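Quantities reported herein were computed from a predicted structural model and do not represent experimental measurements.
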Amino acid sequence: MMLRTFVNRRRDVTEQELLAYNAFCQLLPGASSTQTLTLIGYKRGGLPLAIITLIIWILPACTIMGAFSFLLSYIDRSYFKFIQPMVVGFLAYSTLRMFTLVVVNRISRLIMVFSMLATYYLFKTPWIFPSLIVLGGIVSNFTNKKELPEIPGMPRKIKWGNIVIFFAILIIAGLLSEVARKQQWENRKAYNLFENFYRFGSLVFGGGDVLMPLMYEQYVVRPETERIIVKNPHVLRIEKNDFLTGAGMVRAIPGPVFSIGAYMGGRALKDGGKNAQLAGVIIGSVALFLPSALLVLFFFPVWQNLQKFTIIYRALKGINAAVVGIMAGATFYLMKDISIVEMIDGKTISFLNSGVILGSFLLLLFTRIPAPVIAIICLALGAFFTYR
């Protein structure tokens, strides 16, 4: 769509520029499609147009998902019974797609397998994801013996303002969140939510498919651990069914997958009333997308300088392999929380959930059926088994 619109029709950028933007944004944490569009806006009209582009791009999807966080309380949940296994099918497909692109040699396969096993068995450990990414880059850099020539050229000037703002917000958000928690501020959950989502947007490599497992661990798994129940009983939490339903519904609407932040923010603060829930929708949207914008506008000239060096190419191969392993481990971890046998009226109809997982995966793999259509099919399937 970007190629057809911005290259062929409007000629805002060349095909080579668009491909370079896309490749670069895949290497950054955050929402890659959003970052690509932000760069196009930045090239055409500088910072003001980049900001306008970002707002226009995320507003429809965030509005829909934010509204859904309110409407979920009034909708029959049984309609969504097959949305949850559909999410696992989508994640499995994304894992396979990335596997074929980046896992191309023995070292990358070993990194992927190790990351997958570590993710599955240490999913509740918050440091496991960044640790695997760093470790993958180190291993790949020291084991890849193929030399790449360093590309000569004048380094581009780097503007430090965006990265200063990025780290300032990260530090201030972390401090306020911790103080609010310890001193039991009345609106402490809002501070905690902003810090959580800003951190996710700053650290998530691999887009929405990696974001989902991180959020699942933070808001579904972690609040149920014994340590958190004892030490922090007011921690933000989201019911498992609510989480998986939202993770499926975000696939059924147009726009970036990161718009899930509007939904999750609303559900996380719903116990505080409608005003708090609306604040959660806004905080979730802003905090999740803000790091993407700041990072892409700062790191693009940095990347144009760093990509000249062999060590960066080597490290990126391992980082990408680790991301694939994290996605694979998350797929299996989420699958274990979904029953593969559906019972209705005391009878085992079939392995419906496993059928939905496999069916979603195969439809994405072998057909051109859009993701929203698959989500609608799963909704219809849930409605059918609700009223049969």
Side-chain angles (χ1 to χ4, degrees), residues 26-27 29 32 84-145 196 199-200 202-228 240 243-244 247 257 314-341 351 353-354 356-358 360-362 364-365:
Q26 298 294 334
L27 305 176
S32 56
Q84 299 170 16
M86 186 201 76
V87 172
V88 176
F90 275 59
L91 187 56
Y93 167 74
S94 298
T95 302
L96 177 63
R97 185 181 61 182
M98 286 192 64
F99 173 85
T100 59
L101 292 175
V102 304
V103 183
V104 295
N105 55 37
R106 184 172 62 89
I107 294 300
S108 59
R109 285 192 291 270
L110 289 174
I111 293 173
M112 188 213 74
V113 171
F114 177 82
S115 299
M116 178 182 68
L117 294 174
T119 298
Y120 182 83
Y121 288 107
L122 299 175
F123 196 89
K124 297 181 180 181
T125 306
W127 49 261
I128 189 62
F129 299 108
S131 299
L132 289 173
I133 290 173
V134 172
L135 183 61
I138 294 173
V139 171
S140 177
N141 186 65
F142 284 101
T143 56
N144 185 359
K145 301 299 183 181
N196 290 169
R199 173 162 43 87
F200 290 150
S202 305
L203 298 177
V204 169
F205 288 86
D209 294 310
V210 179
L211 174 67
M212 299 295 186
L214 289 179
M215 284 189 166
Y216 187 81
E217 188 278 334
Q218 180 76 32
Y219 299 117
V220 178
V221 177
R222 183 171 175 267
E224 300 302 322
T225 60
E226 183 177 353
R227 181 178 66 86
I228 296 299
K240 184 181 76 171
F243 181 95
L244 294 174
V257 176
R314 289 176 174 174
L316 288 174
K317 293 181 183 297
I319 289 173
N320 288 331
V323 167
V324 175
I326 290 171
M327 292 171 63
T331 300
F332 289 113
Y333 190 88
L334 292 177
M335 191 180 298
K336 74 182 182 63
D337 287 338
I338 297 176
S339 173
I340 63 171
V341 180
F351 294 99
N353 284 335
S354 58
V356 171
I357 294 172
L358 182 61
S360 301
F361 174 81
L362 294 177
L364 291 170
L365 185 63

Rounded at 0.5 Å granularity, tell me how far [atom1] in [X] sits from [atom2] in [Y].
| X | Y | atom1 | atom2 | value |
| --- | --- | --- | --- | --- |
| Thr95 | Met112 | OG1 | CE | 9.0 Å |
| Ile111 | Leu135 | CD1 | CG | 7.5 Å |
| Phe332 | Leu91 | CZ | CG | 10.0 Å |
| Leu132 | Met116 | CG | CE | 12.0 Å |
| Arg109 | Arg106 | CZ | CZ | 8.5 Å |
| Leu365 | Tyr93 | CG | OH | 6.5 Å |

Are Asn196 and Gln218 side-chain neighbours, meaning at least one heavy-atom pair lies under 4.5 Å?
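Yes, at least one pair of side-chain atoms sits under 4.5 Å.
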State, yes or no, whether a side-chain contact exists between Tyr333 and Glu217 at a heavy-atom distance under 4.5 Å.
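Of all side-chain heavy-atom pairs linking Glu217 with Tyr333, none is under 4.5 Å.
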Say whether, by atom type as modelled, one donor and one acceptor occur between the side chain of Thr100 and the main chain of Arg97 under 3.5 angstrom.
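Such a contact is found between Thr100 side chain and Arg97 backbone.
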State whether the side chain of Ser140 and the backbone N or O of Gly318 hold a donor-acceptor pair below 3.5 Å, judged by distance alone.
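Yes; at least one donor-acceptor contact below 3.5 Å.
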So which heavy atom on [X] is nearest to which on [Y], and how close?
| X | Y | result |
| --- | --- | --- |
| Ser360 | Gly89 | CB-CA, 4.3 Å |
| Gly325 | Thr119 | O-OG1, 4.3 Å |
| Ser108 | Val104 | OG-N, 3.1 Å |

Hey, mind stepping through Val87 and Met212 against side-chain contact (heavy atoms from CB on, under 4.5 Å) and telling me if it holds?
CA-CA 10 Å; Val87 172; Met212 299 295 186; 5.6 Å; no
Going by ring-ring contact (aromatic ring centres under 6.0 Å, His included), name the residues that satisfy it together with Phe243, two or more places apart in sequence or in a different chain.
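Result, ring-ring contact (aromatic ring centres under 6.0 Å, His included) vs Phe243: Tyr216.
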